[in-house]
*Asks:* 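Below are the structure tokens for one structure; questions will follow.
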Amino acid sequence: MKYVNTSVEKKDAMALVTGQPVYTDDLAPKDCLIVKLLRSPHAHALIEEIDTQAAFKVPGIACILTYQDVPQDRFTFAGQTYPELSPYDRLILDQRVRFVGDAVAIVAGENEKAVDKALKLIKVKYQVLEAVLDFHEAKDNPIVIHPEDNWESRVPVGADNKRNLCAAREESSGDVEAVLKACKYTVDRTYHTKANQQAMMETFRSYTYLDHFGRMNVVTSTQVPFHVRRILGRALGIGASNVRVIKPRIGGGFGAKQTSVTEVYPALVTLKTKKPAKLVYSRYESQICSSPRHEMEVRVRLGADEHGILKAMDIHTLSNTGAYGEHGPTTVGLSGHKPLGLYGKKEAYRFTYEVVYTNRMSAGAYRGYGATQGIFAVESAVDELAHEMGMDPVKFRELNLSREGDPFLGYDGCPVVTSCTLDKCVEKAKEMIGWDEKYPVKDMGNGKVRAVGAALAMQGSSIAGVDIGGAEVKLGEDGSYTLNLGATDMGTGCDTILSQMAADILETDIDNIIAFGVDTDVSPYDSGSYASATTYVTGMAVTDACQKLRAQIQKLGAEMLEKTPEEVDFDGKVVYELDGDRKVTLEEIAVKGTCGNNVNLQASATRSSKISPPPFMVGMAEVEIDKETGSLELLDYVAVVDCGTPINPNLARVQTEGGIGQGIGMALYEDIQYNEKGQLRNNSFMQYKIPTRQDVGKIRVEFAPSYEKSHPFGAKSIGEIVINTPCPAIANAVDHAVGVRIREMPITAEKIAMELLKRQENK
């Protein structure tokens with residue numbers, strides 16, 4: 001292969017770094033209506049009266065809409081497969097508001113100043129209701145967050161709106177209680193992660209217009225264009241066929257834009273006014289009313305025998321979906337399924353979960369998609385169990401980790417681990433960080449200590465039997481290829497990676513491949529960029545389409561040489577006789593392909609997968625802690641990843657570095673806090689700390705490639721797994737350093753210092 005497993009430059013690199021107008025707001029018409037939302041100041045309330053008369057008198061105001069002006073069929077904002085596992089629990093605007101920041105009214109005007117003035121003039125009388133803010137108290141609470149009769153759960157996920165349950169389930173194998181009772185060593189611990197924000201550079205934004213056929217056109221920063229089309233068709237009551245979604249470049253998503261956060265509001269304005277309209281979220285709105293990670297509390301019970309073999313695992317997850325269901329029923333599954341698959345020698349396991357509604361901002365998808373929360377809990381508990389046994393926690397992991405060919409507990413039904421170098425990842429990471437020399441702790445002699453911690457992770461490559469990748473490739477008359485994709489490049493470089501695969505199959509220069517972005521009217525159907533599906537599933541579709549086109553080129557070339565396809569071959573430049581000297585060039589075939597022939601030089605393919613082969617990763621952190629103040633410095637972070645064949649090693653490396661940086665932010669900095677009224681305190685980057693490059697310290701990344709036989713190039717995913725190890729690895733390092741076990745993220749100097757002080761007082 002010339003391009004696969006090679007670090008080629010991203011196709012859009014120069015346009016992005018030179019500031020070309022490629023994002024949604026760059027492309028919106030200058031004269032389109034500006035749309036903003038009036039938001040609820042209450043966590044739970046009913047709108048009794050809403051007076052918009054004064055607001056309508058503001059010059060330049062074109063439209064003001066309230067709950068009385070919207071369709072009454074409920075829907076979900078979650079961009080997932082159909083039928084969605086998420087309950088249908090939303091209206092565009094509802095008389096009942098369910099969190100501080102929930103939408104109350106839509107205001108559209110000719111300029112921002114007019115809209116801002118009108119928003120201040122709308123008078124709303126609320127009946128303030130008691131709110132459910134603590135997710136421990138939500139289930140079976142007399143305060144019901146969704147009492148409406150037209151609430152609907154179309155898939156049996158254990159949802160019950162009258163009990164504030166969005167989903168619930170239990171699954172198990174073997175007698176967990178009996179095996180735990182027989183184990184020599186056990187731990188029973190509970191861990192808590194908060195509702196972190198994705199904090200992508202480009203906030204949520206969309207603009208809409210009607211074309212000359214009267215169809216709704218939506219240009220939006222989304223990871224899921226085809227799902228947005230379906231969601232809008234239902235929400236607006238116009239049907240998906242009357243919606244066209246166009247996706248320009250995305251300035252980051254990290255899962256946030258797998259939820260249809262903004263599209264419906266300008267679309268409704270456009271329907272009412274027949275004018276183009278745009279909605280651009282401020283950073284404040286992105287913080288208080290978007291789609292953050294699910295807050296989860298995970299209880300883990302583990303048992304091991306006297307030889308250090310993990311025999312039983314029991315996981316219970318309580319997940320806070322917030323005011324709306326969205327991704328609640330699906331994220332929670334990964335909190336158990338992913339850590340369960342890391343260790344293959346168990347005799348028994350049980351995984352139970354409950355997802356509850358509360359009067360907080362609704363949660364959505366975030367890189368790692370529930371696995372992050374579950375892996376933090378299980379990998380912390382694994383360390384605690386190893387300490388109970390007096391065993392090096394990395395040695396314990398080496399005894400128990402999954403290996404290629406081992407039985408697999410994946411949710412996709414695959415019976416064995418199909419590709420895995422997790423053992424090699426551990427070995428390489430230990431060497432990189434100097435584990436044997438640094439574990440467990442080193443006293444620096446100046447009141448500070450240094451220690452190392454480790455964690456394992458696995459994820460998946462698409463949702464098995466669900467996600468669909470689509471690709472279409474055609475030969476132009478000049479010999480160039482157009483690769484039409486339904487997958488969404490959100491900065492990951494998937495357009496480049498898929499072009500690399502196409503270039504190798506077609507044996508052409510990568511610059512001869514023109515990758516075309518998503519337009520739901522013309523692009524092949526694709527589930528979207530989530531669940532780490534693009535390289536794996538869409539990569540298969542690209543491969544199939546290019547192989548079909550290659551066969552068509554060879555067939556037409558053979559006809560031009562008066563041969564059969566079996567008597568010629570194609571080397572990417574010419575089709576030539578196998579038994580002679582005659583040949584025709586690709587350019588000659590391309591011209592013939594557009595003039596008077598019966599061979600279609602265009603091919604499309606759709607692919608799904610029955611399995612979801614997991615990538616694996618090992619992360620190890622070295623920290624230095626001041627024992628007097630509790631202040632922590634992250635000195636070094638090493639990661640070794642098995643993502644199958646890295647299609648583009650440089651892009652894989654920066655994906656890993658970026659994901660680790662986000663994980664470090666979750667572990668050390670990002671601290672979501674609500675007041676007693678349900679208002680989010682961290683409503684800007686002044687209060688919500690995300691790490692800069694200087695904060696994350698030294699990050700070193702290596703690969704230990706396996707070969708995944710179900711993919712034509714042996715590739716697996718990498719997008720999500722890379723965020724999953726920092727929380728447990730750093731927490732484990734802190735415990736090794738000062739004996740303080742932090743079970744709630746983030747880890748702060750105050751938490752460490754208070755625990756150290758408590759220990760001194762108890763002496």
Side-chain angles (χ1 to χ4, degrees), residues 4-5 223 253-255 258 330 334 337-338 341-342 365-372 375 408 410-412 414 417-422 425 456-469 485 487-498 500-501 526-543 607-618 639-649 651-660 662-663 701 703-725:
V4 167
N5 201 24
Q223 295 171 226
F254 310 118
Q258 194 188 335
T330 45
L334 276 67
H337 294 137
K338 297 310 178 185
L342 280 170
Y366 188 174
R367 195 178 204 166
Y369 205 76
T372 314
I375 286 172
F408 185 48
Y411 63 88
D412 61 3
C414 185
V417 181
T418 55
S419 59
C420 177
T421 59
L422 186 53
C425 292
L456 312 183
M458 62 165 270
Q459 196 76 31
S461 300
S462 78
I463 304 173
V466 172
D467 287 342
I468 297 171
L485 300 168
T488 301
D489 193 328
M490 53 179 164
T492 55
C494 71
D495 286 359
T496 304
I497 289 166
L498 297 171
Q500 287 178 256
M501 298 183 199
D526 194 289
S527 303
S529 290
Y530 63 91
S532 300
T534 307
T535 297
Y536 184 67
V537 171
T538 309
M540 293 181 188
V542 167
T543 299
R607 283 295 296 268
S608 187
S609 177
K610 294 181 179 179
I611 64 172
S612 176
F616 295 91
M617 178 176 171
V618 176
V640 184
V641 187
D642 164 22
C643 59
T645 301
I647 302 298
N648 188 313
L651 292 181
R653 188 178 304 278
V654 297
Q655 277 281 294
T656 308
E657 291 171 351
I660 290 169
Q662 284 182 303
V701 175
F703 298 95
S706 61
Y707 190 87
E708 175 51 48
K709 297 180 182 64
S710 62
H711 189 275
F713 295 101
K716 297 186 287 188
S717 72
I718 196 170
E720 290 185 277
I721 188 175
V722 292
I723 200 173
N724 291 336
T725 59

*Asks:* Using a distance-only test with no angle check, is there a side-chain donor-acceptor pair under 3.5 angstrom linking S419 and K716?
*Replies:*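 Short answer, yes.
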
*Asks:* What I want to check is whether the side chains of E708 and T418 have a donor and an acceptor closer together than 3.5 Å.
*Replies:* yes

*Asks:* Determine the minimum heavy-atom distance between F254 and Q223, stating which atoms define it.
*Replies:*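 Answer, listing the atom of F254 first, then Q223: N-OE1, 3.8 Å.
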
*Asks:* I'd like to know if the side chain of D526 pairs up with that of T538 as donor and acceptor (distance under 3.5 Å, no hydrogens or angles considered).
*Replies:*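 Yes, side-chain donor-acceptor contact under 3.5 Å.
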
*Asks:* At their closest point, which heavy atom of Y536 faces which heavy atom of S609, and how far apart are they?
*Replies:* OH-OG, 3.3 Å

*Asks:* Going through the distances and angles, do H711 and M540 end up as a side chain to side chain contact (heavy atoms under 4.5 Å, CB included)?
*Replies:* CA-CA 7 Å; H711 189 275; M540 293 181 188; 4.2 Å; yes

*Asks:* Please determine whether side chain to side chain contact (heavy atoms under 4.5 Å, CB included) holds for the pair I718 and Q459, giving the CA-CA distance in whole Å, both sets of side-chain angles, and the decisive distance to 0.1 Å.
*Replies:* CA-CA 8 Å; I718 196 170; Q459 196 76 31; over 6 Å; no

*Asks:* Got a donor-acceptor contact below 3.5 angstrom from the T656 side chain to the V701 backbone?
*Replies:*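 Not confirmed, T656 side chain does not pair with V701 backbone.
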
*Asks:* Atom CE of M490 and atom CG of D495: how far apart are they, to the nearest 0.5 Å?
*Replies:* 12.0 Å

*Asks:* Run the side chain to side chain contact (heavy atoms under 4.5 Å, CB included) test on R607 and D467 for me, step by step, so that the C-alpha distance in whole Å, both residues' side-chain angles and the decisive distance to 0.1 Å come before the verdict.
*Replies:* CA-CA 9 Å; R607 283 295 296 268; D467 287 342; over 6 Å; no

*Asks:* To the nearest 0.5 Å, how far apart are CG in N648 and OG1 in T496?
*Replies:* 7.0 Å

*Asks:* Measure across V641 and M617 and return the closest heavy-atom pair with its distance rounded to 0.1 Å.
*Replies:* CG2-CG, 4.0 Å

*Asks:* What are the two closest heavy atoms between I375 and N724, and how far apart are they?
*Replies:*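 For I375 versus N724, the nearest heavy atoms are CG2-O, 3.6 Å.
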
*Asks:* Which distance, rounded to the nearest 0.5 Å, do you find between the OH of Y707 and the OG1 of T645?
*Replies:*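 The OG1 atom of T645 is 6.0 Å from OH of Y707, to the nearest 0.5 Å.
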
*Asks:* May I ask you to test the L422-V618 pair for a side-chain heavy-atom distance under 4.5 Å?
*Replies:* yes

*Asks:* T372 and Y366: side-chain donor and acceptor closer than 3.5 Å?
*Replies:*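 Looking only at side-chain atoms, Y366 and T372 do not form any donor-acceptor pair under 3.5 Å.
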
*Asks:* Looking at every non-hydrogen atom in both residues, tell me the closest pair between C494 and T534 and how far apart they are.
*Replies:*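 That closest heavy-atom pairing would be CB-CG2, 3.6 Å.
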
*Asks:* Before giving the answer on side chain to side chain contact (heavy atoms under 4.5 Å, CB included), spell out for F713 and T535 the whole-Å C-alpha distance, their side-chain angles and the decisive distance to 0.1 Å.
*Replies:* CA-CA 10 Å; F713 295 101; T535 297; over 6 Å; no

*Asks:* For T330 and Y369, which I'm curious about, is there any donor-acceptor pair between the side chains at under 3.5 Å?
*Replies:*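 A pair is found: one side chain offers a donor N or O, the other an acceptor, under 3.5 Å apart.
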
*Asks:* Between M501 and I647, which heavy-atom pair has the shortest distance, and what is it?
*Replies:*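 Nearest heavy atoms, M501 then I647: CE-CG1, 3.9 Å.
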
*Asks:* Report the distance from atom CZ of F703 to atom SG of C643, rounding to the nearest 0.5 Å.
*Replies:*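 So the CZ of F703 and the SG of C643 are separated by 5.5 Å.
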
*Asks:* If you measure only the distance, is there a donor-acceptor pair under 3.5 Å linking the side chains of D642 and S706?
*Replies:*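 S706 and D642 do have a side-chain donor-acceptor pair below 3.5 Å.
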
